[in-house]
Amino acid sequence: MKYAVNTTWKHSKPIDWDQMNKLLEEGMEEAPEGGITYWFEIDSHTHGSLSIFESKEAFDSHKKRVDERRKESTDSGIVMTSENIGLIKAKYSS
């Protein structure tokens, strides 16, 4: 079953979405096959993310790289304010 990770991040400066898109593309180059990540604006200093992995094992295999990127984010003035992780139990799409 698919596995989801949802986080919220606070930035010390207004978000530069061109730079954020570049960082996301670079960060996902080593992501497991079949994964998807969305970053979305909450306000000018806050963004959220939603990543969907094919399985918990796929997330676990990518977690070391994710943790390294998160440390880089914290060092640059971006702080994670929440994280929710879990197995997707239901899905609706239209």
Side-chain angles (χ1 to χ4, degrees):
M1 292 188 78
K2 294 189 185 246
Y3 201 69
V5 180
N6 175 243
T7 56
T8 306
W9 298 83
K10 189 72 173 175
H11 297 242
S12 59
K13 300 177 184 173
I15 297 169
D16 176 346
W17 280 102
D18 291 332
Q19 178 67 16
M20 290 288 286
N21 193 55
K22 180 181 173 188
L23 291 171
L24 179 59
E25 288 175 2
E26 291 171 359
M28 294 309 289
E29 287 175 356
E30 299 174 18
E33 187 71 29
I36 188 165
T37 295
Y38 299 96
W39 283 358
F40 53 93
E41 183 177 59
I42 296 170
D43 62 42
S44 65
H45 284 80
T46 311
H47 87 273
S49 71
L50 173 63
S51 297
I52 309 287
F53 295 88
E54 289 298 312
S55 65
K56 182 177 184 317
E57 293 77 20
F59 169 72
D60 288 342
S61 73
H62 188 59
K63 187 167 178 9
K64 181 177 181 183
R65 180 70 181 131
V66 167
D67 289 344
E68 290 171 3
R69 299 279 297 187
R70 287 178 174 177
K71 180 171 179 359
E72 292 169 13
S73 293
T74 301
D75 291 346
S76 66
I78 305 170
V79 178
M80 183 169 48
T81 59
S82 69
E83 179 178 45
N84 301 288
I85 302 172
L87 190 62
I88 295 175
K89 296 288 194 167
K91 175 185 171 184
Y92 170 81
S93 62
S94 59

Is there a path of hydrophobic side-chain contacts, each under 4.5 Å between heavy atoms of I, L, V, M, F, W or Y residues, that connects Phe40 with Trp17?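 Different clusters: Phe40 never reaches Trp17 through Ile, Leu, Val, Met, Phe, Trp or Tyr contacts under 4.5 Å.
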What closest approach, in Å, do Ser61 and Ala58 show between heavy atoms, and which atom pair accounts for it?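 In terms of heavy atoms, the two residues are closest at OG-O, 2.8 Å.
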If you look at every heavy atom in Gly48 and Ile42, which pair is closest and at what distance?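 Gly48 and Ile42 have their closest heavy atoms at N-CD1, 3.8 Å.
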What's the spacing between [X] [atom1] and [Y] [atom2] if we round to 0.5 Å?
{"X": "Met20", "Y": "Glu41", "atom1": "CE", "atom2": "CD", "answer": "10.0 Å"}
{"X": "Lys13", "Y": "Ser44", "atom1": "NZ", "atom2": "OG", "answer": "14.0 Å"}
{"X": "Lys10", "Y": "Thr81", "atom1": "NZ", "atom2": "OG1", "answer": "8.0 Å"}
{"X": "Thr37", "Y": "His62", "atom1": "OG1", "atom2": "NE2", "answer": "7.0 Å"}
{"X": "Asn84", "Y": "Asn6", "atom1": "CG", "atom2": "CG", "answer": "5.5 Å"}
{"X": "Thr46", "Y": "Ile15", "atom1": "OG1", "atom2": "CD1", "answer": "6.5 Å"}

Give the intermediate values and the outcome of side chain to side chain contact (heavy atoms under 4.5 Å, CB included) for residues Ile88 and Met1. CA-CA 7 Å; Ile88 295 175; Met1 292 188 78; 5.7 Å; no
Given side chain to side chain contact (heavy atoms under 4.5 Å, CB included), test Ser49 with Trp39 step by step and report yes or no. CA-CA 4 Å; Ser49 71; Trp39 283 358; 3.2 Å; yes
Would you please classify the geometry between the His47 ring and the Trp9 ring as parallel, tilted or perpendicular, with 30° and 60° separating the classes?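 It falls in the parallel class, under 30°.
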